[in-house]
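Some notes on the structure that comes next.
Just follow the structure's listing: the first ligand is 1, and inside any ligand the first atom is 1.
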Amino acid sequence: MTEITTLDTDDYRSRDAAHHLHPFADYKALAREGARVIVRGEGSLLWDSDGNEILDGMAGLWCVNIGYGRKELVDTAARQMSELPYYNTFFGTTTPATTDLAAMLADLTPAGLEHAFFCNSGSEANDTIVRMVRYFWEVSGEPMRRVIISRENAYHGSTMVSASLGGMAAMHKQGGLPLPDFSHIRQPYYFGDGGNMSEAEFGLAAARALEERIQELGPERVAAFIAEPIQGAGGVIIPPDTYFPEIQRICRTYGILFIVDEVICGFGRTGKWFGSETFKLEPDMMTLAKGLSSGYVPISAVMVGERVARGLIDDKGEFAHGFTYSGHPVACAVALENLRILQDEGIVERVGSDTGPYLQSALRSLADHPLVGEARGIGMVGALELVRDKDGPVTFEPAGKAGDICRDHCLDNGLIMRATGDTMIISPPLIITRAEIDRLVNTARKALDLTLADVS
Ligand code: PXG
């Protein structure tokens, strides 16, 4: 059997720097500092190659919802690999695991989303949505409808199309993005952009930017609007209550499709199965990834509602799109087992009624810290806004330095937290215990104290 090497940390670091191009990396800086080598995980904990124990406040990359080390998923993968390691879903073929997962997702997702198209990543799923939306409007006799409206600072993936769909300025700066027919409106970021408005007024104003943009573009050109229920990578931006009802009214008024990217919010992150339930959204299409398999294997899905499905199914032609690994039987079997665990162990319900509220009140206890301008969150996701002065509040200039310092102090003290600019983010495994939440928040407070000393 192939044995993975067990080198010491320095050897890994030099081999990694010599041969491995990381995603979203400054290669020179990474080679200088050396990669962190993670070797093992159990529950909400990780261990690095120096034997340090780290509490994973990010569930990997917002994905390891059931936590690390679940043997049932390993056994399921081994069984499926022995039985049928691969077959495709092209040319009229399917596999039992693929079919079971499609049926289960139709059951789990909100009413009306009855059809699943499988892909391998959130980016691929969002690319698929763009192709499907354009195809839908073509077969519906309105081929002019090609523009998809999204939000600034949204993250929808990293391929040419999904990065165009997203609104990340740093990504658009490279390689001539966004591609044509993607348009971005303001995000509903009350802490950053609310000014003197009430939260309710700001929510309405941010939503009405959609109507203004539709009018500017010409309603006959607009195909769809896409949004994450909570902008995750953008900084855990939770819209005011008034935002989504107005967004949905506008989508209905102009007949445009409403797409909800549940890659982060799906599978329990907000304390319900989907962010769409938490925010009462009725999407025409939904993007799923990450928590679908708790990250154990790559798999994603596009859930398609009746309106779009009828267009696809009633058309006489072929939707010319798909991937070698669409509906991969091993990935589907592992996802099914992951969903069974989430269901049988009542993990989502526990986040909703117990550990989620516990995390939120613990997190809000940090709002008294001199560096914390706001502590917000819902379910198992949260954010701390670091500020120079709580009066105002006055943010740091340049943005991002305090966040990086705080993130490094967290890590030195055994906690992974992410920094997006000066917004500190947590999104731990859904199985995190109350004791681990206490440890997370205590470590965060210590890191905040150390950061305050550094920036004062
Ligand atoms: N949609 C959303 C809402 C996401 O958060 C994707 C799509 C793309 O999924 P893939 O599987 O193609 O990565 C994501 C991914 C971060 C970070 O730094 C977040 C993501 C990916 C990488 C880094 O927070 N989210």
Give the residue and atom name of whichever protein heavy atom lies nearest to [atom], and the separation in Å to one decimal.
atom	answer
atom 5 (O) of ligand 1	Ile264 CD1, 3.2 Å
atom 2 (C) of ligand 1	Tyr155 O, 3.3 Å
atom 18 (O) of ligand 1	Arg418 NH2, 2.7 Å

Are Ser300 and Glu124 linked by a side-chain donor-acceptor pair shorter than 3.5 Å? no

Is ligand 1 less than 4.0 angstrom away from at least one heavy atom of Lys290? yes

Heavy atom of Trp62, distance to ligand 1 below 4.0 Å: yes

Check the orientation of [X] and [Y]. Use parallel for under 30°, tilted for 30 to 60°, and perpendicular for over 60°.
X	Y	value
Tyr86	Tyr325	perpendicular
Phe202	Tyr190	tilted
Phe323	His321	perpendicular
Phe267	Trp273	perpendicular

Output the list of atoms in ligand 1 that are nearer than 4.0 Å to some heavy atom of [X], sorted by atom number.
X	answer
Ser123	8 (C), 9 (O), 10 (P), 12 (O)
Leu61	22 (C), 23 (C)
Ser121	11 (O), 12 (O)
Glu228	3 (C)

Do any N/O atoms on [X] end up under 3.5 angstrom from N/O atoms on ligand 1?
X	answer
Gly122	yes
Glu124	no
Asp261	yes

Is the shortest heavy-atom distance from the side chain of Asn52 to the side chain of Asp50 under 4.5 Å? yes

Can you check whether Asn126 reaches Ile129 side chain to side chain, under 4.5 Å on heavy atoms? yes

Closer than 4.0 angstrom, basic N to acidic O: yes or no for Glu246 and Arg249? yes

Short version for Ile425: what comes under 4.0 Å of ligand 1, heavy atoms counted, is neither

Heavy-atom distances under 4.0 Å decide this one: backbone, side chain, both or neither, for Ala233 against ligand 1? both

Under 3.5 Å donor-acceptor, Thr99 side chain and Thr95 backbone: yes

